[in-house]
There are 2 protein chains.
Amino acid sequence: MTASALAAFAALLADETRARFCLALLDGRAWTAGELARHVGVAPSTASEHLGRLVAGGLLAEERQGRHRYVRLADARTAYLVEELAAHTEPGPPAAPTSLRAAGARSAMARGRTCYDHLAGRLGIAITEAMTVRGLLLQESGFALTARGTEWFAALGLEPLRGRGRRPVVRACLDWTERRPHLAGAAGAELCRYALDSGWCVRIGSERAVRVTAEGERALAELLGIAPEALR
Amino acid sequence: MTASALAAFAALLADETRARFCLALLDGRAWTAGELARHVGVAPSTASEHLGRLVAGGLLAEERQGRHRYVRLADARTAYLVEELAAHTEPGPPAAPTSLRAAGARSAMARGRTCYDHLAGRLGIAITEAMTVRGLLLQESGFALTARGTEWFAALGLEPLRGRGRRPVVRACLDWTERRPHLAGAAGAELCRYALDSGWCVRIGSERAVRVTAEGERALAELLGIAPEALR
DNA sequence: AGCATAGTTCGGCCCGTGCCGAAGGGTGGA
DNA sequence: TCCACCCTTCGGCACGGGCCGAACTATGCT
């Protein structure tokens with residue numbers, strides 16, 4: 001009975017150009033229409049029409065500022081859906097990089113990146129594993145924070161249990177380079193925001209990749225016992 | 001870099017006829033090509049072509065038996081994806097039923113049904129709530145079985161922790177009639193199978209709806225303290 | 001005011017694809 | 001062996017939609 005709505009929604013992602021838009025927007029930031037057009041190599045007019053459809057369909061949210069049209073994924077749930085779909089379509093090993101530059105970018109992305117609003121790559125895995133080993137996070141029968149995990153967040157001044165509407169506090173997100181689940185959900189988002197705000201890591205260039213700073217290495221070692229080598 | 005694969009996958013669901021096929025197949029059973037064609041009202045030739053695309057795209061698995069082509073959703077993960085997408089496209093209240101017969105079917109579906117391979121509707125919610133209240137399941141910071149929950153399954157002769165590859169043991173599935181999460185994942189599937197095998201509930205007609213038997217009411221009251229009224 | 005830039009709208013082209021009916025093959029029962 | 005049934009393949013039609021360039025509007029800078 002919702003078949004037409006399902007088909008209409010799927011049709012939004014059923015075009016390669018729109019799919020590339022959404023994958024680019026998985027970095028969680030807002031892009032302008034022109035940036036997206038250049039990013040995927042289509043005419044601005046084409047991009048404009050695609051964005052119109054994506055916004056009308058509820059997949060993207062837009063914000064007009066002056067002569068710029070900023071666009072981002074509608075919400076965390078939508079980003080999660082896109083990530084799930086993308087993960088589902090890549091069951092095999094990642095394709096070999098086609099150039100030295102691409103190899104460098106892939107390597108940086110594999111080390112650490114944002115996945116919409118939380119941390120992924122080896123950085124995300126290392127944090128998730130360390131939290132599990134230290135008894136802050138349960139993985140065996142579903143992701144869940146322990147009482148000590150909640151306290152750990154509180155010690156950082158974070159309270160992912162409050163507010164946030166219906167968003168799950170913790171959620172497993174499958175990493176497409178490491179093939180292992182890592183921490184997502186409200187707690188993952190708060191931790192990511194905290195890590196960027198407090199200088200644990202900084203974004204590299206204009207992509208989703210992040211680099212752990214020296215200060216970040218110290219903090220991760222102290223708070224979670226993560227060896228700096230695990231992040232390289 | 002996986003944009004074309006993502007678009008190709010989404011395109012499978014981007015057609016209303018194919019979407020209706022997949023929603024019908026959410027009951028977890030195998031349908032023949034002809035059944036599906038009649039169900040959605042297209043010519044057998046049209047259905048055949050659609051099924052070819054869905055199978056080639058990995059969304060469905062097929063099994064040929066004699067002159068029948070049985071088709072089902074490829075696996076639990078795929079069913080989960082379809083369910084997620086369908087849930088995402090129905091944020092508003094369900095549409096009003098268009099006939100008395102449809103109202104009856106909807107009411108039966110709301111009481112209890114299967115959702116691919118686990119129980120949903122008020123039945124699924126009641127079980128999930130009862131398990132939470134009795135300390136078998138954690139919901140506060142992500143779905144997870146407690147130690148007592150694992151023992152409870154073991155007492156039924158079920159061991160959802162073993163095997164099953166990479167499937168999560170418990171997972172929250174959003175119910176589209178009750179708007180609340182219920183138990184899914186390997187544990188939800190085992191429990192559903194057990195409930196059908198041991199006669200706690202039986203399928204009604206050819207749809208996804210199930211009815212709780214008198215024996216089922218006794219068992220649910222005894223094992224989980226569920227009042228029979230909660231299921232009506 | 002004048003100009004550059006960002007985005008939108010429109011017309012036109014063309015390819016992909018959803019649909020059907022007719023014809024054909026494979027299976028199982030009589 | 002013949003027939004009924006289930007499914008598939010193929011031809012043909014029609015529609016949708018993705019793409020671009022050109023023209024236009026809106027914003028901001030100088």
Side-chain angles (χ1 to χ4, degrees), chain A residues 2-25 29-72 89 206, chain B residues 2-25 29-73 206:
Chain A
T2 58
S4 65
L6 172 56
F9 186 80
L12 294 177
L13 287 168
D15 173 79
E16 179 164 353
T17 297
R18 285 195 295 269
R20 294 186 66 186
F21 282 2
C22 293
L23 290 179
L25 289 165
R29 291 181 290 180
W31 294 48
T32 68
E35 282 170 345
L36 284 170
R38 281 190 299 278
H39 179 71
V40 311
V42 294
S45 57
T46 303
S48 175
E49 288 170 356
H50 282 309
L51 293 180
R53 289 190 62 175
L54 289 168
V55 170
L59 222 150
L60 303 188
E62 73 179 355
E63 205 169 332
R64 310 258 178 170
Q65 278 183 21
R67 56 183 173 185
H68 292 281
R69 177 195 213 177
Y70 284 96
V71 85
R72 57 183 163 73
T89 59
S206 64
Chain B
T2 58
S4 65
L6 171 57
F9 186 80
L12 294 176
L13 288 168
D15 173 79
E16 179 164 352
T17 297
R18 286 194 297 268
R20 294 186 67 185
F21 283 2
C22 292
L23 290 179
L25 290 165
R29 289 181 290 180
W31 293 49
T32 69
E35 283 171 342
L36 285 170
R38 280 189 300 277
H39 179 71
V40 312
V42 294
S45 57
T46 303
S48 176
E49 288 171 356
H50 282 309
L51 293 180
R53 289 190 62 175
L54 289 167
V55 170
L59 222 149
L60 302 188
E62 72 179 357
E63 205 168 333
R64 311 256 179 171
Q65 278 184 21
R67 54 185 170 182
H68 292 280
R69 178 195 213 178
Y70 285 96
V71 85
R72 55 182 165 74
L73 289 174
S206 64

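If you're wondering where the values come from, they're calculated on a predicted model, not measured in any experiment. Note on naming: letters A, B, ... go to the chains in the order of the sequence lines (proteins, then strands), and numbering restarts at 1 for each one.
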Among all residues two or more places apart in sequence or in another chain, which pass the ring pair (Phe, Tyr, Trp, His ring centres under 6.0 Å) test with A/Phe21? none

Tell me every residue that passes side-chain contact (heavy atoms from CB on, under 4.5 Å) with B/Ala8, counting only those two or more places apart in sequence or in another chain. none

Side-chain contact test, heavy atoms from C-beta onward, threshold under 4.5 Å: evaluate it for B/Leu13 versus A/Phe9 and give yes or no. no

Just the atom pairs and distances: protein N or O near nucleotides 14-18 of chain C's N or O, under 3.5 Å.
from: C/dG18; atom 1: OP1; to: B/Arg18; atom 2: NH2; distance (Å): 3.4
from: C/dG18; atom 1: OP2; to: B/Arg18; atom 2: NH1; distance (Å): 3.0
from: C/dG18; atom 1: OP2; to: B/Arg53; atom 2: NH1; distance (Å): 2.6

Roughly how far, to the nearest 0.5 Å, is CZ of A/Arg18 from CG of B/Leu6? 11.0 Å

Applying side-chain contact (heavy atoms from CB on, under 4.5 Å), can you list everything that pairs with B/Ala11, at least two apart in sequence or on another chain? A/Ala14

OG on B/Ser45 to NE2 on B/His50, rounded to 0.5 Å: 9.5 Å

If we fit an axis to the first five pairs and another to the last five of the helix from C/dA1-D/dT30 to C/dA30-D/dT1, what angle do they make, to the nearest 10°? 30°

CG of A/Leu51 to CG of A/Leu60: how many Å apart, nearest 0.5 Å? 6.5 Å

Going from CZ on A/Arg29 to OH on A/Tyr70, what distance comes out if it is rounded to the nearest 0.5 angstrom? 12.0 Å

So how far is it from B/Thr32 OG1 to B/Arg38 CZ, rounded to the nearest 0.5 Å? 6.0 Å

Taking only residues two or more places apart in sequence, or in another chain, which ones meet A/Ala56 in a side-chain contact (heavy atoms from CB on, under 4.5 Å)? none

Of all of residues 61-69 of chain A, which get a heavy atom below 4.0 angstrom from DNA chain C, listed by number? A/Arg64, A/Arg67, A/His68, A/Arg69

Tell me, please, which residues at least two apart from A/Glu49 pass side-chain contact (heavy atoms from CB on, under 4.5 Å). none

On DNA chain C, compare the nucleotides closest to A/Ala47 and B/Pro44; which residue's is nearer the 5' end? A/Ala47

Give me each pair satisfying salt bridge (charged side-chain N to carboxylate O under 4.0 Å, His left out) with a member in residues 50-67 of chain A, each pair once, sequence neighbours excluded. A/Glu62-A/Arg64, A/Glu62-A/Arg69

Working to the nearest 0.5 angstrom, can you tell me the gap between B/Asp15 CG and B/Arg20 CZ? 11.0 Å

Let me spell it out: for each of B/Ser45 and B/Arg38, pick the nucleotide of DNA chain D with the closest heavy atom. Which residue's pick is nearer the 5' end? B/Arg38

Bounds of contact between DNA chain D and chain B, in 5' to 3' order, using a heavy-atom cut-off under 4.0 Å: D/dA4 to D/dC10

